[in-house]
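Presented below is the structure to which this report refers.
Not measured: the values here are computed from a predicted model. Keep in mind that the numbers below use all heavy atoms, side chains included, and drop hydrogens, waters and symmetry copies.
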Amino acid sequence: MDYDLVIFDNDGVLVDSEPVANTILAGYLTELGHPTSYEDSLRDYMGSAVHRVHDLVRERTGQSLPAGFDDTLHARVFAAFERELTAVEGVTEVLAQLVAEGVSYCVASSGSHERIRVGHRKTGLDAWFPDEIVFSADDVGRGKPAPDLFLHAAERMGVAPARCIVVEDSALGVAAAVAAGMDSYGFTAMTPADKLIGVKGHFRKMTELPVLLESSKRPE
């Protein structure tokens, strides 16, 4: 592999959380008087930090979400994770192969550290992701599509941005990788390939990723 670090998004890439989280977010926003369908939530918020929800609601309606919005949303999402969250099929095999080949990896997620850890404990991925390779938008203040999180992860891992390859499933995440000067592969299990603009390639099943990584070549 012609890269020194694989940076994984978390939601939708490592854990199959997007259907759960976006169903809850859409329902909660609708409950608060901001009608939102599941499809609306995926389109507007998938891959973003929670501050984007506040920003878009304020921009569109001139209203602010209630002060306890984040805590209530997180409590509902975490409870659902504990009931039904699973790892993305094939992801532990991919991680095992990276370990066997001595390839460094980490996770960089728009979700909070607590959200990442709840999901990893439930799915067993905590065994693959010790604290020192877990990075959150909490660490930088601005989530995707800003490049800050990916740049922070690369710096902490001691790898130049150009030597990183990002695995993403959202348009906002791909935009963040592009802004960070990193190449990326788009996971299309939930997002159509034509929405992931700027990636080196696409894959629909996690079992396809190792072949892409092994053949990866950085542009000269």
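Taking CD from E39 and CG from D44, the interatomic distance works out to 11.5 Å, rounded to the nearest 0.5 Å. One finds the CE atom of M182 at 11.5 Å from the OH atom of Y3 (value rounded to the nearest 0.5 Å). Rounding to the nearest 0.5 Å places CE of M206 at 8.5 Å from CG of L95.
Remark: R121 engages no residue in a side chain to side chain donor-acceptor pair (under 3.5 Å) (not counting sequence neighbours).
Between D9 and K144 there is a salt bridge, since a side-chain N of the basic residue sits under 4.0 Å from a carboxylate O of the acidic one. A salt bridge does not link R52 with D55: none of the charged nitrogens is closer than 4.0 Å to a carboxylate oxygen.
Heavy-atom contacts from other residues, nucleotides or ligands closer than 6.0 Å to CD of Q97 number more than 12. Heavy-atom contacts from other residues, nucleotides or ligands closer than 6.0 Å to CD of E155 number 12 or fewer.
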Donor-acceptor list for residues 125-133 side chains, cut-off 3.5 Å, not counting sequence neighbours:
{"from": "D131", "atom 1": "OD1", "to": "R117", "atom 2": "NE", "distance (Å)": "3.3"}
{"from": "D131", "atom 1": "OD1", "to": "R117", "atom 2": "NH2", "distance (Å)": "2.7"}

Can you list, pair by pair, the side-chain donor-acceptor contacts under 3.5 Å of residues 76-85, counting residues two or more places apart and other chains?
{"from": "R76", "atom 1": "NH1", "to": "E31", "atom 2": "OE1", "distance (Å)": "3.1"}
{"from": "R76", "atom 1": "NH2", "to": "E31", "atom 2": "OE2", "distance (Å)": "3.2"}

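Looking at H74, its side chain does come within 3.5 Å of a backbone N or O of D70 through a donor-acceptor pair. Of the possible polar contacts, one joining the T191 side chain to the D169 backbone as a donor-acceptor pair under 3.5 Å is found.
At least one side-chain heavy atom of V134 sits under 4.5 Å from a side-chain heavy atom of H113. In this structure the side chain of R115 reaches within 4.5 angstrom of the side chain of D11, judged on heavy atoms.
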